[in-house]
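Working notes, structure below.
Hydrogens, waters and symmetry mates play no part in the numbers below; they use all other heavy atoms, side chains included. Counting starts at 1 for both ligands and their atoms, following the listed order. Everything quoted here is computed from the prediction, not taken from an experiment.
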Amino acid sequence: MVPTEGSMIRPISRGLTLRPAFIIWCILLPFIRLSSGAKTRHFKWEVEYMYWSPDCIENVVMGINGQFPGPTIRAKAGDTVVVELTNKLPTEGVVIHWHGIRQLGTPWADGTAFISQCAINSGETFHYRFKVDRAGTYFYHGHLGMQRSAGLYGSLIVDVAEGEKEPFHYDGEFNLLLSDWWHKSVHEQEVGLSSNPFRWIGEPQSFLINGRGQYNCSLAAQYSNTTSSQCTLRGNEQCAPQILHVSSNKTYRLRVASSTALASLNLAIGNHKMVVVEADGNYLQPFAVNDLDIYSGESYSVLITADQDPSKNYWLSIGVRGRLPATPLGLTILNYQPISASKFPTSPPPVTPRWDDYDHSKTFSKSIFALMGSPKPPTSYDRRITLLNTQNKIDGFTKWAINNVSLALPPTPYLGSIKYGLRNAFDQKSPPENFPDNYDVMRPPINPNSTTGNGVYMFGLNTTVDVILQNANALKDNVSEIHPWHLHGHDFWVLGYGEGKFSTKDEKKLNFKNPPLRNTAVIFPYGWTALRYVADNPGVWAFHCHIEPHLHMGMGVVFAEGVHLVKSIPNEALTCGLTAKFLDKNRG
Ligand SMILES: O=C1O[C@H]([C@@H](O)CO)C(O)=C1O
């Protein structure tokens, strides 16, 4: 039989085009792997309570594998990080959020309890597996209740991929994870916040640098008339400061991240200028400062050059911004080798700017621009929402609300319930996009009453979203506070900051030329902050004030996009609430 042309040609030609391509692919594959150098980095962690003395006072902290802060994860851009997390807490669940990692394609690994996954129960193990796609300074922390305040945090550093270079030079680096510490347990703090009458947590007892601070003594007592005595630390105590050892004329990269529960901080090093080069994993147009403001949820890299008198040591200090300080400076020493680290600096620690000098903070925030060549925002938006931040009352309890809705998360995590269409899992009504025109942001609310809710802002996939964060007066007259807002799953462009109520005439002031990409942005008292982002990461994403007690009191919203496109969510993320029932039914 003479085969027809078609039946002869088609298989042969397909064979000819596919086979060489396949062979070439097989030959190249090992080299492609080799050149990218991407690795999978495995970690096996156990979260547990343990005795620890973060500020020289023994307390109970949440540790990982017996360490506080938790182990530092170090990876290269393009690597996959796998953390096998076992909950060894006797009576509570746990989750870990990888702050600043966008979880592209892995929304179930974002580590937000009741949003991306079920809490990991006592004794259970959960597998976080995600790609760290971009170099930068990040951290991780608990995202259930107030577990971050309890000490559940650590650093996550992503180096540039093999063969890539940073756009700046340095000879060495230091990693500083900043936090604040209370002597009162977080359980007691939580009870106070949820009580009527309300009991505020107050200011922290200590600031910690890499989990180390001093409460009952000061490293710099001899310079001031403080009542605390001079520390006589031998160096092996859990609270002994980590000294930054430098060599004269070398340049160092300081990676600074803030995991504080409450405090906005200012960091300065005596006599040394800092050049700011990175924020939240994005390169900046370098600029020099004498001191650096850092809000909870933010990270920066700064370059310092050891160009001062090499026969001296210098203080590095952190102090509080935006709240009347009641916490001594957090301190460590920049030590010029080879002189001894125990030689005291000749001048006192740098003084933090006055706590309510907001102009100082605004000047800093407004100096932050993206490095030339960074991605630019789309020139228009598809949807704009305005989120008014107010302090409120619900049945006599003190709360925070967004457009008069105080967030109370549902027991079934959104990711599974939206994906599987479980409509009873949360409010189906979209939350308000705005607030009444006549609301006076400069005064306490006329009607402070608010309601709880758990609705979701659903955005079309790949649409451009503008968010105007609007601050207002709190419940008390003449009080408006700083709130750093953190977005999960994305970075946003910070288009601008302004005073009072945002209006269309403010539009002209927005920066579309070189706005920085960030995952956290602050709203100043009585001000607004304008953000733009592209909803291009299928999943459900928290967007909230990064002050732990404020989120606990309802200061957050939930965003979602393209959830129908989310590939199979691992069962271990769905083992609670309505998704557990759904799984059971569909298995049977
Ligand atoms: O949420 C808060 O509550 C207190 C105060 O407003 C009421 O005691 C405070 O300072 C907060 O930031």
Check: Once the angle between the rings of F459 and Y533 is folded into 0 to 90°, is it parallel (under 30°), tilted (30 to 60°) or perpendicular (over 60°)?
Finding: perpendicular

Notebook entry, point to check: Can you tell me the protein heavy atom closest to atom 4 (C) of ligand 1 and the distance?
Noted result: W200 CD2, 3.5 Å

Item checked: Heavy atom of R323, distance to ligand 1 below 4.0 Å -> yes

Checklist line | Heavy atom of the protein closest to atom 8 (O) of ligand 1 (residue, atom name, distance) | finding: F198 CE2, 3.6 Å

Checklist line | Distance-only side-chain donor-acceptor flag, H143 / H544, under 3.5 Å | finding: yes

Note to self: Within ligand 1, which atoms have a heavy atom of M553 less than 4.0 Å away?
What the structure shows: 1 (O)

Check: Got the closest protein heavy atom to atom 6 (O) of ligand 1, with its distance?
Finding: Q391 NE2, 3.0 Å

Checklist line | Positive for ring pair (Phe, Tyr, Trp, His ring centres under 6.0 Å) with H546, one of H552, H483, H99 | finding: H99

Next item on the list: May I ask you to list the atoms of ligand 1 that are less than 4.0 angstrom from any heavy atom of W400?
Entry: 1 (O)

Notebook entry, point to check: Should the pair W98 and Y128 be assigned to parallel (<30°), tilted (30 to 60°) or perpendicular (>60°) ring geometry?
Noted result: perpendicular

Checklist line | Option whose closest heavy atom lies nearest to atom 9 (C) of ligand 1, chosen from E203, H552, E481 | finding: E481

Next item on the list: Could you check I294, L265, D357 and say which one makes a side-chain contact (heavy atoms from CB on, under 4.5 Å) with R321?
Entry: D357

Next item on the list: Can you sort out which atoms of ligand 1 are near H550, meaning under 4.0 Å from one of its heavy atoms?
Entry: 1 (O), 2 (C), 11 (C), 12 (O)

Check: Is N87 reaching over with its side chain to a backbone N or O of L89, donor-acceptor style, under 3.5 angstrom?
Finding: yes

